Amino acid sequence: MRFIKKEMEKDNYPWYKYYIGVKKHLDYPECSMYEMVLNTSKKYPSNIAYSYYGNKVTYHSFIRKIDEAACAFIRMGVKKGDYVTIAMPNTPEALTCFYALNKLGAICNMMHPLSSEEEFKYGINLVKSKYLMVADIAYQKIKNVRKELTVEKILYAPVCESMDPFMKIGYKLTAGRGAAKCDSDAIPYYRFIARAKFHKGKVKIASASDDVAVILHSGGTTGKPKGIELTNKNMNSVVLSGIEMNKVIGPGNTLLGIMPIFHGFGLGISYHSSFSCGGTTIMLPSVSPKTFDQTILKYKPNIIACVPSLLETLTSSKKMVDADLSFIKDVVVGGDALSGKLQNKLDEFLYDHGSEAHVTCAFGLTESSAGNAMIPKEKVKKESIGIPIPDCVIKIVDPNTNKELPYGEVGEIVINAPTVMKGYFNDKEETDKVLKKHSDGKIWLHTGDLAYMDEDGFIFFKSRLKRMIVSSGYNIYPGQIEEILNAHPYVKTSIAVGVPHPYKKEVVKVYIVLNDNIELNSEVKKSIKSHCEKNIAKYALPYAYGYRKELPRTKVGKVAYRDLINSEDVEEWYIEMRLVIKYYHHL
């Protein structure tokens with residue numbers, strides 16, 4: 001790389017040479033994700049691995065629980081190479097079973113527990129998953145489509161499983177009140193784990209470094225639903241690289257684990273990172289923007305990893321006016337762009353409240369294990385997404401020619417790193433579109449993100465090649481929403497755009513053109529809204545429904561969606577002001 005050669009001749013950026021690997025490369029162990037945690041349990045057996053609503057579990061106990069779950073899964077029939085779907089929020093049972101399945105060499109198919117019924121059908125049947133672990137909050141939807149799934153056995157794991165008796169009662173009266181109860185078609189978790197004692201003999205570690213460990217779901221760079229295959233080495237390397245750049249995470253420090261485990265940022269950057277180096281994770285299934293301030297003051301985490309919009313809520317909180325935040329040592333944001341203005345605002349807020357931490361930005365995408373660049377502690381540049389993590393090489397290229405561009409010129413971010421996915425599940429055509437061999441003989445991941453690199457190696461994100469909507473750090477693909485809307489018998493055509501939102505940064509706004517013989521009325525609106533709620537995940541549901549006689553077009557006949565984003569609404573609008581569901585901060 002041109003930049004590396006330049007910096008080798010200078011001594012004023014030793015921090016960059018260290019991280020990029022000019023002086024050294026990291027040694028990545030040839031092992032599974034399970035073995036990373038196993039090694040931690042041997043090194044720090046009495047350290048607290050996680051706390052869940054005050055219930056603390058040491059690494060010694062954590063690995064024992066994992067091994068016990070592995071025995072139970074064997075009794076259930078799970079073997080190496082099986083796909084097991086996990087539709088769970090952040091709970092001890094979810095993480096325990098994830099590592100147990102990894103030990104057995106099974107592949108965890110991670111799904112959003114609040115997915116729509118159609119998304120459950122697609123995601124589960126995509127990999128022909130025979131086993132499903134599902135939270136109580138998602139069980140009703142699974143029951144509704146049970147006969148259409150490839151699933152043979154279901155493990156029912158309520159969110160309150162590891163709560164104390166009083167908290168369980170409170171949960172069932174509030175957030176879990178509408179959750180479906182376990183019936184004869186599923187195995188309750190307590191009965192599942194009891195089966196472990198019937199397994200005789202030692203359970204061997206069956207997962208290797210290059211084996212696929214997890215499938216995370218994303219629209220990818222083209223917007224079509226895909227299963228992203230990440231290996232043990234992918235996940236372990238992003239963790240070790242992140243730990244190398246972030247010296248705060250580790251023994252003696254607590255990390256607030258609020259990013260979901262069905263997302264690369266949550267599973268890899270938050271949980272697996274902490275579990276791989278002896279840190280303590282404060283495990284929470286969700287947090288609302290309205291209660292984020294209370295969460296921070298209650299648990300006093302040393303490290304916060306979240307999306308920028310959630311962190312911003314602290315600056316306007318009355319509870320934070322006189323709060324002492326000296327316990328915060330590090331703040332990492334990802335999943336969305338962080339403006340220089342907001343970064344300054346957050347840094348000043350932390351300083352005024354006694355914290356020496358600076359907000360650092362991280363960049364990555366699911367196809368590369370959610371971590372590829374980060375702001376180093378030694379040098380900060382506002383509005384930058386950072387420099388490449390160790391052993392990750394990033395180029396800015398012309399999207400049409402793949403030719404590397406000079407410093408300062410905007411082009412597509414491409415990545416070559418041990419974090420890059422194996423590919424899209426059972427989709428060679430789409431895989432070949434993003435994993436391309438360049439003239440140097442290496443395979444590069446084409447991200448679909450536009451940015452430029454300055455002469456110091458800092459990357460500055462500009463925009464996306466595709467018109468993807470990012471809401472609270474989650475990718476929402478307009479094409480999927482439009483396809484669902486257009487399938488409604490009343491709808492002639494539609495378009496979905498992203499509009500600004502105070503907490504989520506963007507939310508979905510749809511413009512709908514009805515069929516010629518359909519008259520707009522309350523029944524029509526209700527029917528379309530119900531159709532969306534049934535087929536679109538809650539985090540991607542439109543916040544605003546607009547009706548027009550026609551959509552604006554460009555000179556070549558394409559829908560001018562940018563005109564809609566900036567237009568003043570003159571048509572009748574039906575605004576859906578949903579209550580914030582306490583269980584997920586991104587809803």
Side-chain angles (χ1 to χ4, degrees), residues 33-34 37 41 48-76 78 82 84-104 106-114 129 131-139 142 151 153-165 167-168 170-172 175-176 179-182 186-197 199 203 213-214 257-263 266-267 270-272 274-275 280-286 583-584:
M33 294 177 71
Y34 165 80
V37 182
S41 72
I48 301 299
Y50 66 82
S51 66
Y52 188 67
Y53 292 107
N55 296 324
K56 299 178 179 180
V57 174
T58 65
Y59 276 96
H60 175 76
S61 295
F62 187 30
I63 207 70
R64 181 180 57 78
K65 289 176 179 289
I66 293 171
D67 291 342
E68 185 179 40
C71 293
F73 275 119
I74 291 176
R75 296 289 300 178
M76 196 178 192
V78 176
D82 283 342
V84 181
T85 298
I86 297 179
M88 296 285 297
N90 305 340
T91 69
E93 291 70 35
L95 272 301
T96 297
C97 287
F98 175 86
Y99 286 108
L101 291 164
N102 184 258
K103 179 180 182 179
L104 299 178
I107 302 160
C108 295
N109 180 41
M110 310 299 286
M111 292 201 67
H112 196 317
L114 296 181
S129 178
Y131 305 94
L132 166 66
M133 179 182 189
V134 62
D136 51 346
I137 56 174
Y139 186 52
I142 294 297
V151 171
K153 295 182 180 180
I154 298 176
L155 171 57
Y156 176 91
V159 176
C160 63
E161 185 73 22
S162 290
M163 294 180 183
D164 61 47
M167 289 201 70
K168 282 185 178 181
Y171 167 80
K172 291 178 180 179
K181 295 181 180 180
C182 184
I187 306 167
Y189 192 83
Y190 71 88
R191 190 176 299 167
F192 158 81
I193 209 68
R195 294 180 177 183
K197 63 183 179 182
H199 177 75
V203 178
V214 59
I258 54 177
M259 294 302 292
I261 58 172
F262 48 82
H263 190 284
L267 181 62
S270 294
Y271 283 95
H272 192 48
S274 187
F275 292 155
T280 298
T281 302
I282 301 166
M283 191 181 298
L284 292 173
S286 68
Y583 237 61
Y584 276 94

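Bear in mind the structure is a predicted one, so any value in this text is a computation, not a measurement.
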Partners of Tyr156 by ring pair (Phe, Tyr, Trp, His ring centres under 6.0 Å), sequence neighbours excluded?
Tyr139
Sorted by chain and residue number, the ring pair (Phe, Tyr, Trp, His ring centres under 6.0 Å) partners of Tyr59 (sequence neighbours excluded) come out as none
Rounded to the nearest 0.5 Å, what separates atom [atom1] in [X] from atom [atom2] in [Y]?
X      : Y      : atom1 : atom2 : value
Phe275 : Met33  : CZ    : CE    : 10.5 Å
Cys108 : Met88  : SG    : CE    : 12.0 Å
Met110 : Met133 : CE    : CE    : 9.0 Å
Ser270 : Ile261 : OG    : CD1   : 11.5 Å
Ile48  : Lys56  : CD1   : NZ    : 6.0 Å

Quick one: do Leu101 and Ile86 satisfy side chain to side chain contact (heavy atoms under 4.5 Å, CB included)? Show the steps, please.
CA-CA 10 Å; Leu101 291 164; Ile86 297 179; 4.1 Å; yes
Can you name the closest pair of heavy atoms from [X] and [Y] and give their distance?
X      : Y      : answer
Lys153 : Met76  : NZ-O, 2.8 Å
Arg195 : Arg75  : O-CG, 3.5 Å
Cys160 : Lys172 : SG-CE, 4.0 Å

side-chain hydrogen bond (donor to acceptor under 3.5 Å, both in side chains) involving [X] - partner list, sequence neighbours excluded:
X      : result
Asn109 : Thr85, His217
Ser41  : none
His272 : Tyr99, Asn236

Verify whether one side chain among Tyr50 and Asn90 offers a donor that lies under 3.5 Å from an acceptor in the other.
no
What do you reckon, is NE2 of His60 surrounded by more than 12 foreign heavy atoms closer than 6.0 Å?
no
Intermediate values then yes/no, side chain to side chain contact (heavy atoms under 4.5 Å, CB included), Glu161 and Tyr190
CA-CA 8 Å; Glu161 185 73 22; Tyr190 71 88; 3.9 Å; yes
Evaluate the side-chain proximity of [Y] to [X]: yes if any heavy-atom separation is below 4.5 Å, no if none is.
X      : Y      : result
Asn102 : Val37  : no
Leu155 : Tyr131 : no
Pro89  : Val159 : yes
Tyr189 : Thr96  : yes
Phe73  : Leu104 : yes
Met163 : Tyr52  : yes

Show me, pair by pair, the donor-acceptor contacts under 3.5 angstrom made by side chains of residues 61-71, not counting sequence neighbours?
residue : atom : partner : partner atom : Å
Ser61   : OG   : Thr58   : OG1          : 3.3
Asp67   : OD1  : Tyr34   : OH           : 2.6
Asp67   : OD1  : Lys103  : NZ           : 3.0

Using side chain to side chain contact (heavy atoms under 4.5 Å, CB included), reason through Ile282 and Ser51 one step at a time and then give a plain yes or no.
CA-CA 5 Å; Ile282 301 166; Ser51 66; 4.1 Å; yes
Any side-chain to backbone donor/acceptor pair from Thr281 onto Tyr271? Under 3.5 Å, distance only.
no
Distance-only, no hydrogens or angles: does the Asp136 side chain make a donor-acceptor pair with backbone N or O of Ala179 under 3.5 Å?
no
